[in-house]
There are 2 protein chains.
Amino acid sequence: MQTDPIPPRVTIRDVARQAGVSVATVSKVLNDRYGVSVDTTARVKAVIEELGYEASLVAQSLRNHQTNVIGILVADLEPFSAELLKGAGDAIRGSGFELVVYSAGGRARDQVGWERRYLSRLSGTLVDGAVLVTPTVVDLHYGAPVVAVDPHTGPGGRPTVDSDNLRGAHAAAEHLLGLGHRRIAMLTGRPDLLSAQLRERGFRQAMAAAGVEVDEDLVRLGSYDPDTAAEQAARLLAEPDRPTAVFAANDLSAIATIEVAQRSGLRVPEDLSVVGFDDIPEATRCTPMLTTVEQPIREMGRRAVELLIGLVRGEDEPETTHIMLPTRLVVRASTAKPDAGL
Amino acid sequence: MQTDPIPPRVTIRDVARQAGVSVATVSKVLNDRYGVSVDTTARVKAVIEELGYEASLVAQSLRNHQTNVIGILVADLEPFSAELLKGAGDAIRGSGFELVVYSAGGRARDQVGWERRYLSRLSGTLVDGAVLVTPTVVDLHYGAPVVAVDPHTGPGGRPTVDSDNLRGAHAAAEHLLGLGHRRIAMLTGRPDLLSAQLRERGFRQAMAAAGVEVDEDLVRLGSYDPDTAAEQAARLLAEPDRPTAVFAANDLSAIATIEVAQRSGLRVPEDLSVVGFDDIPEATRCTPMLTTVEQPIREMGRRAVELLIGLVRGEDEPETTHIMLPTRLVVRASTAKPDAGL
DNA sequence: ATGAAAGCGCTAACAT
DNA sequence: ATGTTAGCGCTTTCAT
């Protein structure tokens with residue numbers, strides 16, 4: 001045995017016993033309540049110091065119903081959510097609130113409604129409110145204010161932060177069309193998310209506006225998931241009449257597509273142009289660097305937390321606030337004119 | 001008033017009442033305990049479904065002492081910790097554990113010992129163990145296993161994950177020396193962290209090995225903090241005999257230095273070379289792209305969580321495991337030979 | 001000024 | 001098979 005017997009948690013009773021007072025008195029000292037003599041206060045504080053005592057967040061929040069903690073619920077910690085967290089960090093700084101990020105650990109994929117589960121497990125206790133990132137479910141009217149980032153399709157009516165997906169996708173498709181591409185494939189996103197629907201719609205609108213018919217066989221479900229996208233990309237590129245360009249609904253899928261193309265001997269952008277969506281930091285880490293539609297992800301995180309804090313504080317934010325941030329096409333090296341040889 | 005009266009949390013008592021049984025029975029159903037008739041089980045489950053009940057994590061973990069949740073405690077959500085979280089996400093996926101990230105919201109700067117406070121608030125309840133990222137304190141022997149990432153200086157003896165800071169810094173300085181730089185400044189890191197000490201030591205060793213004396217006036221405290229670093233960089237560059245190169249102890253400081261230089265009319269790398277440390281995603285988002293020492297941050301996060309899970313499960317990891325991952329110089333565009341004109 | 005006791009939501013002994 | 005009860009750590013009346 002190399003492990004020392006781990007000393008158990010120091011509780012308020014340990015402090016009380018050591019100081020020779022009741023737990024109630026300790027609690028009063030902790031919370032600056034009236035009715036404790038100066039002497040006792042000093043003695044209790046000394047013991048608290050000596051024992052290194054801190055009140056258990058869990059016990060406290062079971063008892064109180066205000067915790068000064070807000071939650072961010074994400075399905076998984078991947079680049080998009082990590083970027084969002086940086087923005088959440090910006091907003092929480094100096095707000096007086098603390099931040100707990102709860103990750104379903106990727107198990108979300110199996111399990112629709114993970115956020116209902118976690119929200120239900122956390123709210124009313126532990127957190128005063130929550131930001132839900134790409135939730136799979138619409139109707140949550142739980143014990144705490146909730147803000148959705150990149151929301152589910154369906155009836156809106158809940159505070160929401162997202163970006164201008166329609167215009168962004170439109171710009172992406174226009175860019176490819178402007179380069180001269182006609183056989184353009186699309187790897188779509190998670191069908192339950194509004195963002196995915198709008199990105200597809202933007203793509204279709206731009207194609208229609210250019211008078212180019214969408215070949216439905218070139219529209220494949222990518223689900224925002226790199227593995228799914230890679231599989232569809234491989235099929236797409238193996239076909240005799242393969243597309244000259246791919247618009248992927250997010251960067252992770254776009255990067256996966258580039259890798260698939262390169263592994264099967266195609267050059268990007270000479271043989272295949274690829275456009276993504278999001279502009280996650282990884283978009284400049286791949287070769288060639290990715291042309292993509294930038295969403296201000298970090299700011300989305302910041303705004304979502306600010307909105308939530310307002311709601312928690314009971315300020316008069318309308319419950320239906322919808323913050324939509326602009327998107328912007330960023331042209332890098334993964335797109336070019338279709339090869340003359342094709 | 002536009003806010004609906006928020007329905008309070010659904011508790012086990014609501015379920016019990018609705019199903020016409022006792023809370024104990026509901027609890028048994030929830031936890032698959034023996035001694036509940038098929039009929040009752042079905043009825044209770046139906047009510048649970050109907051009410052959308054989920055057990056409160058808080059109440060549960062107050063009662064039990066195993067939560068299947070592990071915590072990551074970070075001072076702030078900035079690029080380094082966000083990157084680490086991605087790795088933590090990789091490790092948690094499919095492990096059966098859930099992940100809670102607790103951020104002090106940047107208030108850590110004021111407050112040495114934040115991690116003691118949070119660990120104390122969370123452990124024994126809520127989390128079964130924790131990863132501490134850049135802790136400010138050494139001696140924590142609390143109720144749960146702890147793994148440190150980028151640890152504090154001082155007696156080791158606790159499970160740790162870090163990277164080869166000494167060699168990395170050495171390589172960075174060697175690179176600048178090899179380009180012909182002699183007046184090389186260093187913006188050091190957070191002095192209480194081992195990584196900062198080793199980065200400075202590596203720098204000094206490389207300088208000594210090249211027979212170049214370190215001008216102590218060019219070594220400034222940057223604290224890993226972009227604002228502090230920017231201020232010191234501004235002073236450094238305003239001096240008549242300014243350095244031709246700066247080695248910053250982390251990328252955030254290096255990027256801040258580049259910005260300061262450019263604002264004061266210096267060209268990077270023509271007039272000033274800058275090297276960073278970390279290789280955070282932002283290192284390729286600045287102009288010019290940053291030459292830096294890569295740490296495998298994401299893998300560090302993954303390994304830390306894996307190590308912790310082993311400890312929580314009581315597998316026989318020695319309590320003193322030290323995982324050190326390699327670092328690697330990545331030459332990009334922010335370094336060049338010193339300008340002939342100087 | 002201090003303490004006893006109830007109760008937050010839950011689980012587990014221990015009745016019945 | 002079901003219910004009663006105690007208690008996890010804490011805060012808060014309400015005595016004293």
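Just so it is clear, the values below take in all heavy atoms, side chains as well, and ignore hydrogens, waters and symmetry mates. Each chain gets a letter, A, B and so on, in the order its sequence line appears, and its residues count up from 1. Fair warning: this is a prediction, and the values are worked out from it, not measured in the lab.
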How would you list, by chain and number, every residue that makes a side chain to side chain contact (heavy atoms under 4.5 Å, CB included) with B:Gln66, sequence neighbours excluded? B:Asn68, B:Asp128
For the helix from C:dA1-D:dT16 to C:dT16-D:dA1, figure out the bend between the end axes, five pairs an end, and round to 10 degrees. 50°
So, does B:Gln60 get its side chain near the phosphate of C:dG9, meaning an N or O under 4.0 Å from OP1 or OP2? no
Taking only residues two or more places apart in sequence or in another chain, which ones pass side chain to side chain contact (heavy atoms under 4.5 Å, CB included) with B:Ser61? A:Val58, B:Thr67, B:Leu126
Residues two or more places apart in sequence or in another chain: which of them pass ring-ring contact (aromatic ring centres under 6.0 Å, His included) with A:Tyr102? A:Tyr118
Under the salt bridge (Lys or Arg N to Asp or Glu O under 4.0 Å) rule, what pairs show up with a residue in residues 49-75 of chain A, not counting sequence neighbours? A:Glu54-B:Arg117
Short heteroatom pairs, N/O only, protein and nucleotides 4-8 of chain C, under 3.5 Å:
residue : atom : partner : partner atom : Å
C:dG7   : N2   : A:Arg63 : NE           : 3.4
C:dG7   : N2   : A:Arg63 : NH1          : 2.7
C:dG7   : N3   : A:Arg63 : NH1          : 3.4

When rounded to the nearest 0.5 Å, the distance separating CG of B:Leu85 from CG of B:Leu99 is 7.5 Å
Shortest non-hydrogen separation from A:Arg121 to B:Ala55 and the atoms involved: CG-O, 3.0 Å
Looking at residues at least two apart in the chain, or sitting in another chain, which of them share a side chain to side chain contact (heavy atoms under 4.5 Å, CB included) with A:His65? none
Using heavy atoms and a sub-4.0 Å distance, could you list which residues of residues 29-41 of chain A are near DNA chain C? By number, please. A:Gly35, A:Val36, A:Ser37, A:Thr40
Check A:Lys86 against B:Ala82 and note the closest heavy-atom contact, atom names and distance. CE-CB, 3.6 Å
For residues 297-309 of chain B, run the donor-acceptor check on the side chains, cut-off 3.5 Å, and write out each pair with its distance to 0.1 Å, sequence neighbours left out.
residue  : atom : partner  : partner atom : Å
B:Arg298 : NE   : B:Asp90  : OD2          : 2.9
B:Arg298 : NH2  : B:Asp90  : OD1          : 3.1
B:Arg298 : NH2  : B:Asp90  : OD2          : 3.4
B:Glu299 : OE2  : B:Arg303 : NH1          : 3.4
B:Arg302 : NH1  : B:Glu306 : OE2          : 2.7

Within the 4.0 Å heavy-atom criterion, would you say B:Val58 contacts the bases, only the backbone, or no part of the nucleic acid? nothing
Under the side chain to side chain contact (heavy atoms under 4.5 Å, CB included) criterion, do A:Thr134 and A:Val149 qualify, and how do the steps go? CA-CA 6 Å; A:Thr134 59; A:Val149 173; over 6 Å; no
I'd like to check the side chain to side chain contact (heavy atoms under 4.5 Å, CB included) partners of B:Asp14; sequence neighbours left out, ordered by chain and number. B:Val10, B:Thr11, B:Arg17, B:Leu51
Do A:Ser195 and A:Asp150 have side-chain N/O donor and acceptor atoms under 3.5 Å apart? yes
Please identify the 5'-most and 3'-most nucleotides of DNA chain D with any atom under 4.0 angstrom from a heavy atom of chain B. D:dA1 to D:dG9
Listed once per pair and sorted, the salt bridge (Lys or Arg N to Asp or Glu O under 4.0 Å) pairs that draw on residues 33-48 of chain A, sequence neighbours left out: none
